[in-house]
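FYI, side chains are in, hydrogens and waters are out, and symmetry mates aren't considered; it's all heavy atoms of this structure. What you see is a predicted model; the values in this text were computed from it and never measured.
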Amino acid sequence: MDQRRAEPDPSYNNGINQVALYGEFTAAGNRKVRCAVSLTERDLTVQRITSAPVGRNKLVLSLRDCVGCRAYRGEDNADPGAYFAAYFYPFKRRWMSSGVSRQRVEQCFRVVTLQDPRTNLEEAEKWARAVRERCVRQQNLRDGVLFSEVRRPCRVMLLVNPQSGKGQALTLYNNHIQRMLNEAGVPHTLVITERQNHAREVVREADLSQWDALVIMSGDGLLFEVINGLLERSDWEEAIHTPLGILPGGSGNALAASIHHYSGAMPVSSEELLVSCGFLLCKGLVSRMDLASVHLPSSPRLFSFLSLAWGFVADVDVESEKYRHVGAARFTVGTLVRLASLRVYKGKLAYLPAAADCKEEGDLGNRTTLHCNNQSSSFCPASLLCRPSRDSPCQNAAHHTFHNSCHSNNSLKVRRTESTPSRNATKALTGPSDTLLPSLDQPVPSDWVVVQEEDFVLMLAMYQSHLAEDLLAAPDSTLDDGVIHLFYVRAGISRTALLRLFLAMEKGAHLATNCQHLVYSRVRALRLEPYSPKGVITVDGEVVEYGPVQAQVHEGLARLITG
């Protein structure tokens with residue numbers, strides 16, 4: 001007999017550490033190795049039964065790091081034993097470098113209580129079920145916020161762009177994601193996209209009742225297609241609530257990096273980021289995510305989940321396509337190339353501050369200018385700005401000692417009237433209405449801030465934290481804070497200062513660099529009117545029609561699997 005029942009150690013019987021199951025098994029790969037296995041609400045503890053000191057043979061695995069557990073019979077029909085295997089992805093130190101990353105740990109045990117194969121399988125299934133149930137209970141709360149969970153077992157459509165990044169998305173799927181989803185018990189259907197807008201067409205026409213989640217494995221471009229395809233449906237209000245998952249498989253993996261950042265983990269990149277996002281996907285916890293509607297001169301409006309860019313950033317995004325073979329490093333190469341021939345872009349920028357509805361006189365606007373000197377200043381880093389709550393956008397504003405400056409030729413009103421919806425919005429057949437935006441051929445309302453400067457190096461509007469895997473552009477951002485994080489750099493900045501900004505952005509420290517040319521604001525809507533007849537504007541990294549553009553944030557419109 002391969003298992004011996006024993007009473008749990010009484011020292012464990014206190015609160016959450018109370019042992020729920022205890023057993024002694026052999027390791028699946030070596031029947032000479034015997035292990036005492038105990039399961040509590042939080043942990044699975046494995047201790048080898050040897051004469052060596054306990055500390056050297058004891059392994060405690062947190063159920064928060066577990067993605068799944070399964071029971072099964074062995075391949076040898078003559079073997080009466082059954083097996084259960086638990087799969088963990090804990091943070092472990094890297095082998096050749098500093099820091100930690102999620103790394104796979106599998107624990108598999110052979111169960112033989114009797115010579116009856118059915119009884120042994122039932123015992124193994126009892127363990128597997130108990131591990132899964134406690135694993136789910138450990139994930140319901142994070143940072144005091146209750147997350148909803150994707151139905152288990154869920155049905156996932158996994159869309160993969162085989163050409164994204166270095167063209168290795170399918171290889172990464174085969175090496176990592178397929179196994180992780182199987183370990184988590186997540187059945188999925190693989191859809192390989194064949195052309196641009198293929199994913200958009202698929203989700204626009206799909207019977208979404210067959211799917212519990214749509215997962216995208218690519219760069220940010222494929223998710224852009226999926227979101228816009230969902231919002232083009234006649235049932236868009238229900239369709240946009242379909243949980244979406246993102247797995248980094250391209251050169252631009254900004255949303256994947258943002259999700260990893262929101263989880264509180266240390267920065268990682270490349271395949272380590274993929275494993276982290278795969279782990280979060282397997283946990284199946286869903287959060288709300290802001291989207292922005294973007295209006296262009298003649299094109300149908302678009303919906304954006306990441307960014308709107310003009311000037312330096314947009315040029316780098318487009319021009320670095322030729323370096324796609326180097327993966328995420330293409331943005332670094334593109335930045336250096338563009339710095340060598342720095343341009344100035346002329347245009348008019350206006351925006352609606354995020355807290356305009358309830359700002360009192362003397363505390364108008366929500367703009368922070370970062371000064372470039374060593375003197376004491378009444379301005380504070382953006383990380384110290386009060387973050388508006390969903391219920392009361394500025395309830396804590398009066399308790400801070402910083403001063404916000406508008407420097408605008410428009411004064412803000414204490415109360416604003418609702419704008420007439422944009423002409424593009426009224427033409428749109430689907431999607432939410434844009435009540436903050438006038439038509440593009442109409443002036444902005446008087447309670448908007450109009451920026452005096454007309455010479456820019458870049459304008460960047462962000463809704464999530466990362467602009468790329470290694471660029472923490474909006475460190476104060478959250479998934480559904482209901483604001484657009486607007487940055488612009490005025491003309492006159494030197495190449496050295498601009499390079500210093502982007503180097504600081506790798507750690508989200510650019511807002512504290514005291515650069516007088518950088519301005520940051522939290523806004524709800526914005527408009528950009530380029531003066532030059534030619535140029536580049538990108539939405540989520542995709543080139544769009546050039547010309548006047550405006551955008552409004554829609555708080556928590558989409559649902560994203562964040563783990």
Side-chain angles (χ1 to χ4, degrees), residues 1-13 17-93 95 102-135 138 175-176 178-186 275 279 282:
M1 186 174 295
D2 213 306
Q3 179 197 34
R4 175 167 52 86
R5 295 188 179 276
E7 290 297 322
D9 184 344
S11 65
Y12 282 90
N13 295 332
N17 286 328
Q18 183 174 352
V19 173
L21 287 177
Y22 176 88
E24 294 183 7
F25 312 104
T26 57
N30 186 350
R31 297 187 188 180
K32 294 182 180 180
V33 176
R34 296 181 59 80
C35 301
V37 183
S38 58
L39 177 67
T40 69
E41 282 297 312
R42 284 188 173 180
D43 305 307
L44 182 73
T45 300
V46 182
Q47 184 173 325
R48 292 183 62 176
I49 302 174
T50 69
S51 58
V54 171
R56 299 180 183 178
N57 298 283
K58 186 176 181 179
L59 176 65
V60 180
L61 294 162
S62 172
L63 295 179
R64 293 179 67 89
D65 297 327
C66 180
V67 299
C69 187
R70 69 185 183 99
Y72 59 96
R73 287 289 312 278
E75 296 180 356
D76 184 359
N77 292 330
D79 179 12
Y83 299 82
F84 73 92
Y87 308 100
F88 297 82
Y89 286 83
F91 287 107
K92 300 177 67 175
R93 291 202 170 275
W95 178 250
R102 290 201 180 272
Q103 300 176 37
R104 184 176 182 272
V105 173
E106 177 182 349
Q107 291 292 310
C108 186
F109 306 97
R110 181 172 182 266
V111 180
V112 179
T113 58
L114 297 171
Q115 291 302 308
D116 178 15
R118 180 178 297 180
T119 302
N120 295 330
L121 183 59
E122 289 175 352
E123 180 70 11
E125 288 175 341
K126 181 179 74 173
W127 274 85
R129 184 169 54 252
V131 170
R132 290 194 301 266
E133 290 172 352
R134 284 159 179 78
C135 178
Q138 284 296 308
N175 290 347
H176 297 285
Q178 185 177 35
R179 179 177 63 186
M180 295 181 77
L181 292 177
N182 289 338
E183 291 170 350
V186 178
V275 171
F279 170 81
C282 289

*Looking at residues at least two apart in the chain, or sitting in another chain, which of them share a ring pair (Phe, Tyr, Trp, His ring centres under 6.0 Å) with Phe84?*
Phe25, Phe109, Trp127
*Begin from the C-alpha positions of Val37 and Leu44 and carry the test side chain to side chain contact (heavy atoms under 4.5 Å, CB included) through to its verdict.*
CA-CA 7 Å; Val37 183; Leu44 182 73; 3.7 Å; yes
*Salt bridge present between Arg102 and Asp65 (N-O < 4.0 angstrom)*: yes
*Mind checking whether Met180 and Tyr87 have side chains closer than 4.5 Å, heavy atoms only?*
no
*asked:* Any non-hydrogen side-chain atom of Arg104 less than 4.5 Å from a side-chain atom of Arg179?
replied: yes
*Side chains of Val131 and Cys66: closer than 4.5 Å at any heavy-atom pair?*
yes
_Using every non-hydrogen atom in the two residues, find where Val19 and Ser38 come nearest and quote the distance to one decimal._
CG1-CB, 4.2 Å
*Interatomic spacing from CD in Glu125 to SG in Cys69 - rounded to 0.5 Å*: 11.0 Å
*asked:* Is there a side-chain contact between Pro80 and Asp116 in this structure, where contact means two heavy atoms from C-beta onward sitting under 4.5 Å apart?
replied: no
_Arg31 and Asp79 ion-paired at < 4.0 Å_ = yes
_Is there a side chain to side chain contact (heavy atoms under 4.5 Å, CB included) between Thr40 and Gln18? Walk through the geometry before answering._
CA-CA 6 Å; Thr40 69; Gln18 183 174 352; over 6 Å; no
*Nearest heavy atoms of Thr113 and Asn120, plus distance in Å*: N-OD1, 2.8 Å
*What closest approach, in Å, do Arg64 and Phe279 show between heavy atoms, and which atom pair accounts for it?*
O-CZ, 3.3 Å
*Hey, are the side chains of Leu61 and Gln107 touching, using non-hydrogen atoms and a 4.5 Å cut-off?*
yes
*Hey, does the side chain of Gln138 reach the backbone of Glu41 with a donor-acceptor pair shorter than 3.5 angstrom?*
yes
*asked:* For Lys32, is there any backbone N or O sitting under 3.5 Å from a side-chain donor or acceptor partner on Asn30?
replied: yes
_Under a plain distance cut-off of 3.5 Å, with no hydrogens placed, do Glu183 and Tyr89 share a side-chain donor-acceptor pair?_
yes
*asked:* Using every non-hydrogen atom in the two residues, find where Arg73 and Ala82 come nearest and quote the distance to one decimal.
replied: CD-CB, 4.3 Å
*Provide the closest heavy-atom pair for Arg110 versus Gly81 in the form atom of the first, atom of the second, distance.*
NH2-N, 4.2 Å
*Val33 and Thr26, any side-chain heavy atoms less than 4.5 Å apart*: no
*asked:* Contact between Val275 and His176 at the side-chain level, heavy atoms closer than 4.5 Å - yes or no?
replied: yes
_Pair Lys58-Thr45, side chain to side chain contact (heavy atoms under 4.5 Å, CB included): steps then yes or no_ = CA-CA 7 Å; Lys58 186 176 181 179; Thr45 300; 3.6 Å; yes
_Assess the residue pair Lys126 and Glu122 against the criterion (side chain to side chain contact (heavy atoms under 4.5 Å, CB included)); give the C-alpha distance rounded to whole Å, side-chain angles, the decisive distance to 0.1 Å, and a yes or no._
CA-CA 6 Å; Lys126 181 179 74 173; Glu122 289 175 352; over 6 Å; no
*Should we count CZ of Arg48 as having more than 12 external heavy atoms under 6.0 Å?*
no
*Identify, with sequence neighbours excluded, every residue that meets side-chain contact (heavy atoms from CB on, under 4.5 Å) alongside Ala28.*
Tyr83, Cys108
*How long is the gap from CZ on Arg129 to CD on Glu133, to the nearest 0.5 Å?*
6.5 Å
*Side chain proximity check, Leu63 to Leu39, heavy atoms < 4.5 angstrom*: yes
